[in-house]
Undergrad: 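Sharing a structure, written as structure tokens. Questions coming.
Chain A is the first sequence line, chain B the second, and so forth, proteins listed ahead of strands; every chain is numbered from 1.
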There are 2 protein chains.
Amino acid sequence: MSTALNPQATLAAPMDSERFAAICRALSHPARVRIVDHLRTMQQCICGQIVEVLPLAQSTVSQHLKILKASGLVKGTIEGPRTCYCLDGGVLAQFKDMVKRL
Amino acid sequence: MSTALNPQATLAAPMDSERFAAICRALSHPARVRIVDHLRTMQQCICGQIVEVLPLAQSTVSQHLKILKASGLVKGTIEGPRTCYCLDGGVLAQFKDMVKRL
DNA sequence: ATCGTTTATCGTCGATCAACGATTTGATCT
DNA sequence: AGATCAAATCGTTGATCGACGATAAACGAT
């Protein structure tokens, strides 16, 4: 089997259903989708800005951010008293790639 | 609207986070991802064939199929005593499109 | 009409989720 | 040190999920 000749069937690692499902799970809540969307258009932002935009308590938003961070889609860097969140382009690209294969 | 000229920015409907999340939710379980994957490679198949492939009880697989059907990703047509399942290309395409925009 | 096959539904149970208010942690600024 | 602000964590509550066995429903075949 010439693996090189049939990119379609080969490299394409038999999609890790666990990982894919985990990312989908992170995106399985409207609030989290909106957060990702917001992060995409804003480039980056802090928790408080998201709280302003969503009809949810600060603690709830923080929870959602934690879930997104755990999935790898979002990463947060501490900046003084606040945390700056942004999308992880690499993980997002991975996800898009997996979806393409669906 | 020159949607063709600027696909990047397309106001293209401010992605319905509810709908997108709903589809992600359907894909948020490894078993369901595997079912979709199986359906993709098999083109179509019946519940029993999926049960053979997954380490789950028939009732559980049926439940997962019901969830996938509810999301629109999968459609099932009754064929005598059995039901033939297959992916809904349209919904799948919609989903891929939404992901592209992420 | 009864049997066998295939799928859907029911009922249950433990586990996880979503949301909130309250509290704690961490860092900056007086 | 003390005050202040942002963010994370805790603890609780009701709701939903995931899995299963058991049962029902639908259909074709004998």
Side-chain angles (χ1 to χ4, degrees), chain A residues 17-39 42-88, chain B residues 17-39 42-88:
Chain A
S17 58
E18 301 269 348
R19 172 145 177 74
F20 182 67
I23 297 181
C24 284
R25 181 170 207 69
L27 293 172
S28 73
H29 193 289
R32 290 196 288 270
V33 173
R34 293 188 60 184
I35 289 176
V36 168
D37 199 48
H38 198 245
L39 245 36
M42 298 284 285
Q43 224 57 315
Q44 58 167 54
C45 64
I46 66 176
C47 179
Q49 295 177 297
I50 298 172
V51 173
E52 281 170 14
V53 169
L54 298 183
L56 294 170
Q58 178 268 324
S59 60
T60 306
V61 170
S62 187
Q63 267 290 2
H64 283 309
L65 281 168
K66 186 179 183 178
I67 291 170
L68 285 170
K69 220 165 54 177
S71 79
L73 276 175
V74 163
K75 57 187 172 181
T77 62
I78 299 173
E79 285 192 3
R82 70 206 93 209
T83 306
C84 183
Y85 290 98
C86 65
L87 295 177
D88 184 318
Chain B
S17 58
E18 300 270 347
R19 172 148 179 70
F20 182 67
I23 296 182
C24 284
R25 180 172 210 71
L27 293 172
S28 73
H29 193 289
R32 292 197 286 271
V33 173
R34 294 189 58 183
I35 289 175
V36 167
D37 198 48
H38 198 245
L39 246 35
M42 298 284 286
Q43 217 70 306
Q44 59 168 51
C45 66
I46 65 176
C47 178
Q49 295 177 298
I50 298 172
V51 173
E52 282 170 13
V53 169
L54 299 183
L56 294 170
Q58 178 269 323
S59 59
T60 306
V61 170
S62 187
Q63 267 289 0
H64 283 308
L65 282 168
K66 185 178 182 177
I67 290 171
L68 284 170
K69 219 165 53 178
S71 79
L73 276 175
V74 163
K75 55 188 172 181
T77 61
I78 299 173
E79 285 190 5
R82 69 206 92 210
T83 306
C84 184
Y85 289 99
C86 65
L87 294 177
D88 184 318

Undergrad: NA contact type, A:S62, heavy-atom cut-off 4.0 Å: base, sugar-phosphate, or nothing?
TA: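 If one applies the 4.0 Å heavy-atom cut-off, A:S62 turns out to touch a base.
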Undergrad: Answer with yes or no whether B:T60 presents, from its side chain, a donor or acceptor under 3.5 Å of a partner atom in the base of D:dG18.
TA: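 Answer is no: no donor-acceptor pair is held.
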Undergrad: Please pick, from C:dT9, D:dT9, D:dA7, the nucleotide with the shortest atom-to-atom distance to any side-chain atom of A:S59.
TA: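 The closest nucleotide is D:dT9.
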Undergrad: Would you check if the side chain of B:S28 reaches a backbone N or O of B:R25 as a donor-acceptor pair within less than 3.5 Å?
TA: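 Side chain of B:S28 to backbone of B:R25, a donor-acceptor pair under 3.5 Å: yes, one is there.
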Undergrad: Are the side chains of A:Q49 and A:V53 in touch, meaning some heavy atoms are under 4.5 Å apart?
TA: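 No, too far: nothing below the 4.5 Å cut-off.
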Undergrad: How about B:L65 and B:C47: do any of their side-chain heavy atoms sit closer than 4.5 Å?
TA: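 Counting from C-beta outward, B:L65 and B:C47 do come under 4.5 Å.
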Undergrad: Pick the nucleotide of DNA chain C nearest each of A:R25 and A:A57; which residue has the one closer to the 5' end?
TA: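 Its nearest nucleotide lies further toward 5', so the answer is A:R25.
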Undergrad: Do the side-chain N or O atoms of B:H64 get closer than 4.0 angstrom to the phosphate oxygens (OP1, OP2) of D:dC17?
TA: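 Result: no.
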Undergrad: Describe the nucleic acid contact of A:L65 in one word from base, sugar-phosphate, nothing, applying a heavy-atom distance below 4.0 Å.
TA: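 The answer is nothing, as A:L65 stays clear of every strand by at least 4.0 Å.
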Undergrad: Report yes if at least one side-chain N or O of A:Y85 is closer than 4.0 Å to OP1 or OP2 of D:dA8; otherwise report no.
TA: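 Affirmative; the distance criterion is met.
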Undergrad: Just how far, in rounded Å, is C1' of D:dA8 from CG of A:L56?
TA: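 It works out to 16 Å between those atoms.
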Undergrad: What integer distance in Å separates A:K69:NZ from D:dT9:C1'?
TA: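 Value for this atom pair: 12 Å.
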Undergrad: Is there a donor on the side chain of A:Q58 or the base of D:dA6 sitting less than 3.5 Å from an acceptor on the other?
TA: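 Between D:dA6 and A:Q58, which were checked side chain against base, a qualifying N/O pair under 3.5 Å is absent.
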Undergrad: Using whole Å, what does the distance between atom P of nucleotide C:dT7 and atom NZ of B:K75 come to?
TA: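 Spelled out: NZ on B:K75 to P on C:dT7 is 19 Å.
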Undergrad: Rounding to an integer number of Å, can you tell me how far A:I67 CD1 sits from C:dC17 P?
TA: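 Whole-Å distance recorded here is 7 Å.
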Undergrad: With a 4.0 Å cutoff (strictly under), does any side-chain N or O of A:K66 reach OP1 or OP2 of D:dA8?
TA: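 No, because none of the side-chain N or O atoms of A:K66 sits under 4.0 Å from OP1 or OP2 of D:dA8.
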Undergrad: Less than 4.5 Å apart, side chain to side chain, heavy atoms only: is that true for B:L39 and B:L73?
TA: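 Side-chain contact under 4.5 Å: no.
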Undergrad: I want to confirm an ordering. Mapping A:R82 and A:Q63 to their closest nucleotides on DNA chain C, which one lands closer to the 5' end?
TA: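 Nearest-nucleotide comparison on DNA chain C picks A:Q63.
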Undergrad: Which part of the nucleic acid does A:I78 contact within heavy-atom distance under 4.0 Å: base, sugar-phosphate only, or nothing?
TA: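 Nothing, no heavy atom under 4.0 Å.
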Undergrad: May I ask you to say what B:I46 touches in the nucleic acid, namely base, sugar-phosphate or nothing, with a heavy-atom cut-off under 4.0 Å?
TA: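 B:I46: backbone/sugar contact only, no base atoms under 4.0 Å.
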Undergrad: I need the CD-P distance between B:E79 and C:dT7, as an integer number of Å.
TA: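 Taking CD of B:E79 and P of C:dT7, I get 10 Å after rounding.
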Undergrad: What is the nucleic acid contact for B:T83, judged by heavy atoms within less than 4.0 Å: base, sugar-phosphate only, or nothing?
TA: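 Contact class for B:T83: sugar-phosphate only.
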Undergrad: Would you check if A:V36 and A:R32 make a side-chain contact, meaning some heavy-atom pair closer than 4.5 Å?
TA: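 The answer is no; the side chains never approach within 4.5 Å.
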